[in-house]
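From a predicted model like this one, the values you see are computed outputs, not experimental measurements.
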Protein chains: 4
Amino acid sequence: MTAATPRRAAAQARPDDAPPPVPQRLLATATRLFADRGYDRTSVQEIVEGAGVTKGALYHYFGSKDDLLHEIYARLLRLQQERLDAVADRDAPIEERLRDAAADVVVTSIENLDDAAIFFRSMHQLSPGKQKQVRAERRRYHERFRALVEEGQRGGVFTDAVSAELVVDYHFGCVHHLSAWYRPGGRLTPREVADQLADLLMRSLRP
Amino acid sequence: MTAATPRRAAAQARPDDAPPPVPQRLLATATRLFADRGYDRTSVQEIVEGAGVTKGALYHYFGSKDDLLHEIYARLLRLQQERLDAVADRDAPIEERLRDAAADVVVTSIENLDDAAIFFRSMHQLSPGKQKQVRAERRRYHERFRALVEEGQRGGVFTDAVSAELVVDYHFGCVHHLSAWYRPGGRLTPREVADQLADLLMRSLRP
Amino acid sequence: MTAATPRRAAAQARPDDAPPPVPQRLLATATRLFADRGYDRTSVQEIVEGAGVTKGALYHYFGSKDDLLHEIYARLLRLQQERLDAVADRDAPIEERLRDAAADVVVTSIENLDDAAIFFRSMHQLSPGKQKQVRAERRRYHERFRALVEEGQRGGVFTDAVSAELVVDYHFGCVHHLSAWYRPGGRLTPREVADQLADLLMRSLRP
Amino acid sequence: MTAATPRRAAAQARPDDAPPPVPQRLLATATRLFADRGYDRTSVQEIVEGAGVTKGALYHYFGSKDDLLHEIYARLLRLQQERLDAVADRDAPIEERLRDAAADVVVTSIENLDDAAIFFRSMHQLSPGKQKQVRAERRRYHERFRALVEEGQRGGVFTDAVSAELVVDYHFGCVHHLSAWYRPGGRLTPREVADQLADLLMRSLRP
DNA sequence: GATGAATGAGTGTTCATTCAT
DNA sequence: TATGAATGAACACTCATTCAT
């Protein structure tokens, strides 16, 4: 009935040539389709066909189409929160930590471009309850990021002529926008894009 | 069968207390609903009920639901292109023109927050043909904006350590993001938000 | 959206050889099928096929399958209440009025045996809101009937050794049961069954 | 694959504090749910959840969902036939035997109100084969009851102005109806209701 | 004896669109 | 100009049942 968290048993001892277990296959297919044509335009039928199972199987593992979307959100949020926490907790100058965090979210978003595209485009399709939950986790992430900016401002390393809040929105707006223009295999590598965007952020914070 | 552009008719001679003509009512209702619940989640039935007309009337003025969406896009694009052209053509230092253009798109987006929300969220719901058309107009807008950045870079007023392309994406990413966090009646007036965001842009271009 | 009450226009001037209008056809088919196999076992698909229309047409006239059921209830309740009121309001001795009322509900139930079968078997399938409404109307009917018994008891024409409430339940239980055993074209005419059952009721009320 | 009749096993040697064995738990849960929401609206999933077992367990003991329903019918029919036979076989005046039989079926129905509610409401949901079987047993019961009426009529103790058949239908219609209005803990005890209803029956048979 | 993953046909409902009037 | 009845394909979801383990 509830969204399946990948079975540990399945993760344990799967021979490398075996197909991934059903819930993973469903999640992967759904991610691709949601990113391609949007949540509302993807039918459950298409998902199960893509994953090579039947509707019954999907509903055995996930309570609803909505649950699939929620699981995609949760997966990306978990990943990004972990990485931000790791960077922020490091023992390094604030400029370095903020720059790394800023670059890291860009790289992660590019590496999971489907997830990221879904994230910003389909938030409103989540059921109200799940939407609230996702927003709360998103806010936690946001606040941790803003705290880095504020720490630098208090220490005089960054200008406080600009609102920390707005700077963070500026940066995440741009991350949000990535899936609108970034194409894998384009002129710039993910790392280069990340560096340049992080550089823009740092520039706007120069005293 | 194509989208009606009924502006002229309306501009003619409507007494101030008369209700706006049918096509405008439909467009206004559709805009509100599309922004509220998304294009796919808004039914034609809801639009005609909101506008107080019947389905037949809608299909009399618009060829399809898709046409309504397209007209909303066209309306916003026309407006923004006009304003950007006006600013860019002015006889003023490049810093001033870029700053004004950057601030102006923020103000315009906030003043038409519904249109802006629809713009970024529902682009993919347009039919392929109309989508291509909108993208082309959008690109024209984008390029005129980028030309301002490049003009400043060539003149040495702005740093060329950053890619003009990326700077523009950075800014429009943030404009895109506005509807995600800006609430009318919030702490900052549209003008203040616009000034701060334009300021961020200019800061990141400082040599 | 709401249940259609037969269009007056349609009722006005329909040539006798024309098929009945769509809502009536749907209602008639639904009544037959609900009585035959029960509400839950009748699919919307079967109803529309039986009525020779499409699902869209059904949902044009009725908000839901539930609405169809409700309309069947309302139709029978209206009919029976009218007839009970007519009998009860008559200027005749109470024995005659009660006997006539008791016989009348039997005749009406037999003449609308499908409706009656649905009534008692499918009440619980109605949505809670509509169920409440139907129960309220049913209670009104019940109470009017009981008032007749009580009037006779107060006047000493009927024994008051038995509870009026229970007598009424006794009689309606039997009416309820009719669809379980009465078969049209059987040994007894509706009128004969009605007379005998009314007789049973009157006998149990003899002082 | 046929319905298990596990009474013997249960009767053997279960300590009083042990939970009832699985088949009983399933039957008890199914009875409650069928009475509450009807057979068609109760899912096998709900039954096994309510009984705290898995689907596999249910299908181990019962061949189908239909079997569960059939077992509930069989259980009530066995009980009522036994009790009617006991009363009818007694050596007592016919009035006393009929009155007792009439009262007894009321008491039994109230004491097993869930079973009784299911009986009259869900007969049509049984598979045709099982339905035929249940109807046959029901008829046997009915006929034994009618024989009591006829015995009294032949002996001149009851009037034969009314058809024995109809009298029996009158009474069982009312028993049928019990679950529609009787509420445990109401104003009248089961015994009182039974006495009054039996009294009504006897009154209508007075010469 | 018992599990629970998986099936596949079915459910009621929605909706953009058409068209005779 | 405008109506509203009608379409038909699609939708998310349910469920009794089976079967390898």
TODO: Take atom CG of D:D67 and atom C1' of F:dA16, then tell me their distance rounded to the nearest Å.
DONE: 13 Å
Task: C:F62 CZ - E:dT14 P separation (whole Å) - done: 15 Å
Open item on the list: Does any part of the side chain of D:R75, heavy atoms only, come nearer than 4.5 Å to the side chain of D:L27, both counted from C-beta?
Closed with: yes
Task: N/O (side chain, C:Y61) to phosphate O (OP1/OP2, F:dG4) under 4.0 Å - done: no
Open item on the list: If you take any heavy atom closer than 4.0 Å to DNA chain E, which residues from residues 31-50 of chain C end up in contact?
Closed with: C:T42, C:S43, C:V44
Open item on the list: Could you check whether D:R41 pairs with D:D36 (Lys NZ or Arg NE/NH1/NH2 to Asp/Glu carboxylate O, under 4.0 Å)?
Closed with: no
Open item on the list: If you assign A:T54 and D:T54 each to the DNA chain E nucleotide with the nearest heavy atom, which residue ends up on the more 5' nucleotide?
Closed with: D:T54
Open item on the list: Quick one, A:F119 and A:L77 - any side-chain contact, counting heavy atoms below 4.5 Å?
Closed with: yes
- [ ] Could you walk me through whether C:R37 and D:H124 pass side-chain hydrogen bond (donor to acceptor under 3.5 Å, both in side chains), step by step?
- [x] CA-CA 7 Å; C:R37 23 177 166 305; D:H124 305 264; over 6 Å; no
TODO: Write out the stems for DNA chain F, ordered by first number and formatted as range with range, counting runs of at least 3 consecutive Watson-Crick or G-U wobble pairs under 3.5 Å.
DONE: E:2-21 with F:2-21
Task: Interatomic distance, C:L26 CG vs F:dA5 C1' [rounded to whole Å] - done: 12 Å
Open item on the list: Using whole Å, what does the distance between atom P of nucleotide E:dT17 and atom NE2 of B:H60 come to?
Closed with: 17 Å
Task: A:L58 CG - F:dC11 P separation (whole Å) - done: 14 Å
Task: Between F:dA5 (C1') and C:Q24 (CD): distance, integer Å - done: 14 Å
TODO: Measure the distance from CD on A:Q125 to C1' on F:dA12 and round it to the nearest whole Å.
DONE: 15 Å
Task: Residue among C:D66, C:L126, C:I118 satisfying side-chain contact (heavy atoms from CB on, under 4.5 Å) with C:Y39 - done: C:D66
TODO: Run the salt-bridge test on D:D114 and D:R32 with the 4.0 Å N-O cut-off and return the result as yes or no.
DONE: no
Task: d(CG, A:L68; P, F:dA12) in whole Å - done: 11 Å
Open item on the list: Quick check with a 6.0 Å cut-off and a 45 degree axis cone: is D:K65 positioned over the face of D:Y59's six-membered ring?
Closed with: no
- [ ] Without swapping roles, check the side chain of B:E46 against the backbone of B:S43 for a donor-acceptor pair under 3.5 Å.
- [x] yes
Open item on the list: Checking contacts here: which listed nucleotide (F:dG4, F:dA5, F:dT7) is nearest the side-chain heavy atoms of C:V53?
Closed with: F:dT7
Using a cut-off of under 3.5 Å, enumerate the N/O to N/O pairs linking the protein to nucleotides 18-21 of chain E.
none

Task: Donor-acceptor contact present, side-chain A:R25 to main-chain A:A51, <3.5 Å - done: yes
- [ ] Would you kindly compare B:A57 and C:V22 by the position of their nearest DNA chain F nucleotide and give the one closer to the 5′ end?
- [x] B:A57
- [ ] Return the nearest nucleotide to the side chain of A:K65; candidates are F:dC13, F:dT17, E:dT7.
- [x] F:dC13
Open item on the list: Keeping D:S122 on the side-chain end and D:Q125 on the backbone end, is there a donor-acceptor pair under 3.5 Å?
Closed with: no
Open item on the list: Closer than 3.5 angstrom, by distance alone: can the side chain of B:Y73 be matched with the main-chain N or O of B:M123 as a donor-acceptor pair?
Closed with: yes
Task: Smallest separation among heavy atoms of C:I47 and C:L58, with atom names - done: CG2-CD1, 4.1 Å
